[in-house]
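These notes concern the structure reproduced below.
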Amino acid sequence: MTFRSYMETALAEARAAATRGEVPVGAVVVRDGEVLARAGNRTRELNDPTAHAEVLAIRAACAAQGQERLPGCDLYVTLEPCPMCAAAISFARIGRLYYGATDPKSGGVAHGARVFEHPQCHHAPEVYDGIGGEAAERLLKDFFADRRDG
């Protein structure tokens, strides 16, 4: 089977989040080549600190599948998930996580809490980083530069 990345779809969600004034992070849940759900950050819009792209995409995919877990699914996200999102990924039993930009300040996978490495973590997905990382990093840097300059 040939690998197909869905990072461009996640980047489109991140760009849409930026146009709404949200931190530009996008996520896509995929199973067997079918997009089950896609989302961008909506924390400000929904006044909900848990409305990160990953959480929203996982919620929508679970609702679409009628189950609380997503075994066999892949999650594409433009930024390294924070500890909250990493825990949600584990709880959802996501099979593979692909993320773009690293997040040394708030990450929870390769930085910070490193959720998947803890003995309390019951499920750790396969993790692939750097996919679309330059585009995701540029989007984030431009977003925050505009906020500082504007």
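The first residue in the sequence is number 1, and the count goes up from there. What's counted below: heavy atoms across the whole structure, side chains too, no hydrogens, waters or symmetry copies.
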Quick one: CD1 on I131 to OH on Y6, what's the gap to the nearest 0.5 Å? 12.5 Å
Would you please test C73 and V30 for side chain to side chain contact (heavy atoms under 4.5 Å, CB included) and show each step? CA-CA 6 Å; C73 288; V30 178; over 6 Å; no
Once you round to the nearest 0.5 Å, how far does CD of E13 lie from CG of L56? 10.0 Å
L79/L140 under side chain to side chain contact (heavy atoms under 4.5 Å, CB included): CA gap, chis, key distance, verdict: CA-CA 9 Å; L79 181 65; L140 286 157; 3.7 Å; yes
CG of D48 to OG1 of T43, rounded to nearest 0.5 Å, is 8.0 Å
Which atom pair, heavy atoms only, marks the closest approach of A37 to A60? CB-CB, 3.6 Å
Would you check if V115 and V109 make a side-chain contact, meaning some heavy-atom pair closer than 4.5 Å? no
Are Y76 and V35 linked, directly or through intermediate hydrophobic residues, by side-chain heavy-atom contacts shorter than 4.5 Å (ILVMFWY only)? yes
Rounded distance [0.5 Å steps], CG in L11 versus OG1 in T78: 6.0 Å
Find out whether T50 and R59 are in side-chain contact, i.e. whether some heavy atom of one side chain is under 4.5 Å from a heavy atom of the other. yes
Between E8 and R15, does any NZ, NE, NH1 or NH2 come within less than 4.0 Å of an OD or OE carboxylate oxygen? yes
By salt bridge (Lys or Arg N to Asp or Glu O under 4.0 Å), R31 pairs with (sequence neighbours left out) none
Counting only N and O atoms by type, is there a donor-acceptor contact under 3.5 Å from the side chain of E80 to the main-chain atoms of A110? yes
Donor-acceptor pair, distance only, cut-off 3.5 Å: does the side chain of H118 make one with the backbone of A113? yes
Take R93 and H122 through the side chain to side chain contact (heavy atoms under 4.5 Å, CB included) test and state the conclusion after the steps. CA-CA 9 Å; R93 304 298 195 262; H122 297 294; 4.2 Å; yes
Nearest atoms (heavy-atom pairs only) where P83 meets S106: CD-O, 3.4 Å
When you check the gap from the basic side-chain N to the acidic O, do E22 and R42 get nearer than 4.0 Å? no
Which atoms form the tightest heavy-atom contact between V23 and A17, and what is the distance? O-CB, 3.9 Å
Who pairs with Q67 by side chain to side chain donor-acceptor pair (under 3.5 Å), at least two apart in sequence or on another chain? none
Which atom pair, heavy atoms only, marks the closest approach of P24 to A18? CB-CB, 3.8 Å
Minimum side-chain heavy-atom gap Y99-V127 below 4.5 Å: yes
List the atom of S90, the atom of C121, and the distance in Å for their closest heavy-atom pair. OG-SG, 3.4 Å
So, are R138 and E134 salt-bridged, with charged N and O less than 4.0 Å apart? no
Whether the side chain of R38 engages the backbone of A10 through a donor-acceptor N/O pair (distance < 3.5 Å, no angle test) should be reported. no
Expected output: side-chain N41 to main-chain A53 donor-acceptor under 3.5 Å: yes
Would you kindly check if the NZ (Lys) or CZ (Arg) of R96 is within the cone defined by 45 degrees around the ring axis of Y98 and under 6.0 Å from the six-membered ring centre? no
Working to the nearest 0.5 Å, report the span between CD1 of I58 and CZ of F91. 11.0 Å
For T102 and P104, indicate whether the former's side chain and the latter's backbone hold a donor-acceptor pair under 3.5 Å. no
Interatomic distance, E137 atom CD to D142 atom CG [nearest 0.5 angstrom]: 10.5 Å
Can you tell me if H123 uses its side chain to pair, donor with acceptor, with the backbone of I94 under 3.5 Å? yes
Please step through side chain to side chain contact (heavy atoms under 4.5 Å, CB included) for the pair L36 and Q65, ending with a clear verdict. CA-CA 8 Å; L36 300 179; Q65 296 296 296; 3.4 Å; yes
I want to check something: taking the side chain as every heavy atom from C-beta on, are V77 and V25 in contact at a cut-off of under 4.5 Å? yes
So which residues get pulled into L139's cluster when ILVMFWY side chains under 4.5 Å apart are joined, directly or through others? none
So, do L70 and C62 sit near enough that their side-chain heavy atoms are less than 4.5 Å apart? yes
